[in-house]
Engineer: 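Attaching a single structure in structure tokens format; questions to follow.
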There are 2 protein chains.
Amino acid sequence: MATRLSDVAARAGVSVKTVSNVINDYPHITARTRAKVEAAIAALDYKPNVSARSLRKGRSDFIALAIPEMGSPYFAELGAAISRAAKRRGITVLIDQTEGESAAERFVLDGMRGQLIDGIIFSPLATAPAKLTSADTGKPLVLLGERPAGGQFDRVAVDSVQASYDATTHLISLGRHRIAAIGVGGTGTGVVRRKGYRKALKAAGMAHDPALELAGTGYHRLDGAASMRELLALPEPPDAVFCFNDLLALGALRTLADAGLRVPADVAVVGFDDIEDGRYHSPSLTTISPDKEWLADNAVALLLDRIAGNGGSTHRDLTVPYTLEIRESTGG
Amino acid sequence: MATRLSDVAARAGVSVKTVSNVINDYPHITARTRAKVEAAIAALDYKPNVSARSLRKGRSDFIALAIPEMGSPYFAELGAAISRAAKRRGITVLIDQTEGESAAERFVLDGMRGQLIDGIIFSPLATAPAKLTSADTGKPLVLLGERPAGGQFDRVAVDSVQASYDATTHLISLGRHRIAAIGVGGTGTGVVRRKGYRKALKAAGMAHDPALELAGTGYHRLDGAASMRELLALPEPPDAVFCFNDLLALGALRTLADAGLRVPADVAVVGFDDIEDGRYHSPSLTTISPDKEWLADNAVALLLDRIAGNGGSTHRDLTVPYTLEIRESTGG
DNA sequence: CTGAAAGCGCTTACAG
DNA sequence: CTGAAAGCGCTTACAG
């Protein structure tokens with residue numbers, strides 16, 4: 001039913017090797033031969049069988065992207081960018097939602113779908129990267145995000161401590177005195193960003209108040225809204241909030257609106273991620289904006305380089321450029 | 001390097017056929033044999049090679065999902081749901097961003113990555129489904145969305161005419177008299193939803209005013225914001241707007257806020273899709289909420305049924321349940 | 001520059 | 001119930 005390489009060879013009057021050479025762009029083929037083969041390919045509408053090719057070559061030109069959830073705007077935008085970056089290089093990305101701990105871990109440890117994929121870009125949520133060993137995967141892996149890689153893998157991440165420092169310092173420069181943080185806790189993002197937050201307070205000679213550091217159960221609007229309600233119930237509510245991602249900030253803004261408070265007059269709000277929602281929200285959201293295209297492009301390049309056998313045993317740690325986008329939620 | 005089926009067979013002291021039988025859950029295997037094989041699989045950490053299996057069986061248990069853009073919340077949420085629905089059935093989803101016309105069309109016509117995938121769930125934007133023929137794909141295909149399938153393929157879609165009728169009727173029931181529509185035009189969504197919009201106006205004895213029907217260039221916040229600005233510049237601006245998706249509505253709300261207009265007091269706004277952003281926005285967005293889980297589950301089921309060779313030549317058209325979620329943007 | 005042949009790792013008739 | 005062997009459609013040494 002499906003046309004095979006040998007059908008093309010027969011029609012073009014050459015050997016299968018020659019057809020394969022043409023398809024794989026090998027040199028030393030006369031223009032005439034190439035034209036004949038290409039005509040046959042077009043006439044038969046031939047498509048190489050990826051399974052066979054991958055079985056034989058041991059490479060598929062597929063990479064996996066494992067992210068906690070693709071319904072979350074930041075990851076959706078990141079996934080889209082990585083998908084594009086890979087496509088530019090002739091690579092296809094399979095996107096995996098890991099959702100919770102067990103699934104994420106199993107995915108990585110299960111060796112990523114047999115031999116199908118050449119490598120993986122992994123944004124861990126539950127799995128501690130430091131506990132991953134290359135034996136677990138058996139394949140090239142690039143880590144995304146805050147969590148220390150334990151020197152085992154290549155990684156590309158924002159300098160979250162510095163970015164959080166900048167975000168908090170911006171709030172301080174506005175003259176705010178009670179600056180809350182939403183999203184502390186956990187083992188990754190929450191820890192690292194709190195570090196930058198506290199560092200900025202300290203640098204300004206301000207003490208950090210545990211009552212102003214809210215943990216919540218997740219990084220969604222719902223959690224931001226709930227944390228903000230807790231903060232407003234405090235005897236002395238904050239006049240500024242640094243939310244560890246935009247979704248939390250959007251939830252917090254919702255609570256502030258419900259409470260009839262003005263942003264930024266009563267409470268200034270900063271987020272992290274620069275998702276599209278925040279740019280169009282009223283008030284628009286001041287946020288840390290990591291360069292997602294840069295991130296995507298470099299993560300893919302790093303992985304492909306590793307797949308090609310380069311890099312050796314030194315593990316590279318790339319720092320994603322970011323800017324602080326000052327918008328209405330802090331009076332910008 | 002990688003362990004093979006034959007390694008497992010050797011270790012378990014059985015033939016490769018027996019190992020294959022165990023892996024594929026074939027009957028007539030003694031518990032003892034099964035246990036021996038499973039022990040060997042565990043000991044060697046054996047993972048079947050997907051390429052080899054797929055080459056041999058002609059099935060991969062991969063399906064593709066082709067959507068215009070995964071960075072768009074509706075598609076991100078839908079992709080997440082389809083991914084989950086497929087996983088429940090042991091199927092992996094490859095997500096493809098088609099972005100524009102040419103890419104989308106080429107993807108489908110190029111036979112979907114050789115033989116790798118078993119079928120496709122396709123949300124067309126540029127390609128006219130009626131022009132697709134099964135010869136183009138050679139594989140089972142389920143269509144998503146408004147555009148008529150031309151009776152060639154299975155499809156699952158919301159009854160957009162009825163839903164738009166409901167949305168518009170809701171605005172009429174609020175006593176609004178100048179009801180605008182944002183997102184008309186194009187060949188799919190814009191046409192169908194305008195049909196329901198006009199139908200509702202007519203049923204209420206109201207004439208439709210072309211000046212109140214805005215096309216815009218896309219379905220993003222940016223387009224909604226721009227269209228809303230045009231509407232406000234009208235000699236007689238609208239007192240209600242039905243936006244053909246939530247992103248347009250969110251953009252429109254932003255323009256209204258900038259203009260100092262109150263929602264819903266001055267202008268009531270309704271969207272379509274029920275993306276998470278709209279639920280947390282202030283004001284929260286009244287919208288048509290299609291049951292995305294239902295959609296995902298049925299699209300996957302339909303495709304798998306087709307892959308299994310069922311369905312024959314009759315093409316099924318499934319209608320997704322929806323509700324009108326009345327929220328603050330219309331005073332709910 | 002091209003051809004004939006082996007082999008990637010599975011599954012599946014075909015025998016026993 | 002199990003074993004030996006062919007074959008899915010490619011790519012790649014190996015000869016010529």
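A note on names: the letters A, B, ... follow the listed sequences, proteins ahead of strands, and every chain is numbered from 1.
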Engineer: In terms of side-chain heavy atoms of B:R53, which of C:dC10, D:dC10, D:dA13 is nearest?
Structural biologist: C:dC10

Engineer: Between C:dG3 and A:S15, is there an OP1 or OP2 to side-chain N/O distance shorter than 4.0 Å?
Structural biologist: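 Looking at the OP1 and OP2 atoms of C:dG3, one of them is under 4.0 Å from a side-chain N or O of A:S15.
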
Engineer: I need the CZ-P distance between A:R59 and C:dG9, as an integer number of Å.
Structural biologist: 17 Å

Engineer: Below the 4.0 Å mark, does D:dG3 have OP1 or OP2 next to a side-chain nitrogen or oxygen of B:T18?
Structural biologist: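 Looking at the OP1 and OP2 atoms of D:dG3, one of them is under 4.0 Å from a side-chain N or O of B:T18.
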
Engineer: Evaluate side chain to side chain contact (heavy atoms under 4.5 Å, CB included) for A:F62 paired with A:V93, printing each intermediate quantity in order.
Structural biologist: CA-CA 6 Å; A:F62 278 74; A:V93 178; over 6 Å; no

Engineer: Less than 4.0 angstrom between a side-chain N/O of B:N21 and OP1 or OP2 of D:dT2, yes or no?
Structural biologist: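 Negative; the distance criterion is not met.
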
Engineer: Across the strands shown, which category fits A:K57 at heavy-atom distances under 4.0 angstrom: base, sugar-phosphate, nothing?
Structural biologist: sugar-phosphate

Engineer: Taking only the side-chain nitrogens and oxygens of B:S20, find out if one of them lies under 4.0 Å from OP1 or OP2 of C:dC10.
Structural biologist: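 Answer is no, no contact under 4.0 Å.
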
Engineer: Identify which nucleotide among D:dT11, C:dT12, D:dG9 has an atom closest to any side-chain atom of B:R56, counting heavy atoms from C-beta outward.
Structural biologist: C:dT12

Engineer: Say you pick atom C1' in C:dG16 and the same atom in C:dT12; how far apart are they, in whole Å?
Structural biologist: 16 Å

Engineer: Applying the side-chain contact (heavy atoms from CB on, under 4.5 Å) criterion to A:R316, which one of A:N298, A:V142, A:D154 satisfies it?
Structural biologist: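 Option passing the side-chain contact (heavy atoms from CB on, under 4.5 Å) with A:R316: A:D154.
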
Engineer: Looking at every strand, decide which applies to B:S6 at a 4.0 Å heavy-atom threshold: base, sugar-phosphate, or nothing.
Structural biologist: nothing

Engineer: Could you check which nucleotide pairs with D:dG3 in any of the strands shown, counting Watson-Crick or G-U wobble with both distances under 3.5 Å?
Structural biologist: C:dC14

Engineer: Could you go through B:R84 and B:D297, starting from their C-alpha distance and side-chain angles, then the distance that decides it, and tell me whether this counts as salt bridge (charged side-chain N to carboxylate O under 4.0 Å, His left out)?
Structural biologist: CA-CA 9 Å; B:R84 275 194 302 273; B:D297 211 62; over 6 Å; no

Engineer: With a 4.5 Å cut-off on side-chain heavy atoms, are B:V22 and B:E38 touching?
Structural biologist: yes

Engineer: Just how far, in rounded Å, is C1' of D:dC1 from CZ of B:R34?
Structural biologist: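 My rounded result for the distance is 13 Å.
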
Engineer: Taking all heavy atoms of B:A157 and all of B:G145, pick out the closest pair and write down the distance.
Structural biologist: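 Looking at all heavy atoms of both residues, the closest pair is CB-O, 3.3 Å.
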
Engineer: Ignoring the backbone of A:N24, work out which of C:dG9, D:dT11, C:dC10 is nearest its side chain.
Structural biologist: D:dT11

Engineer: Distance check: side-chain N/O of B:S51 vs OP1/OP2 of C:dC10, anything under 4.0 Å?
Structural biologist: no

Engineer: Closest-nucleotide mapping onto DNA chain D: is B:V14 or B:A52 further toward the 5' terminus? I mean the 5' end.
Structural biologist: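 It is B:V14, whose closest nucleotide lies nearer the 5' terminus.
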
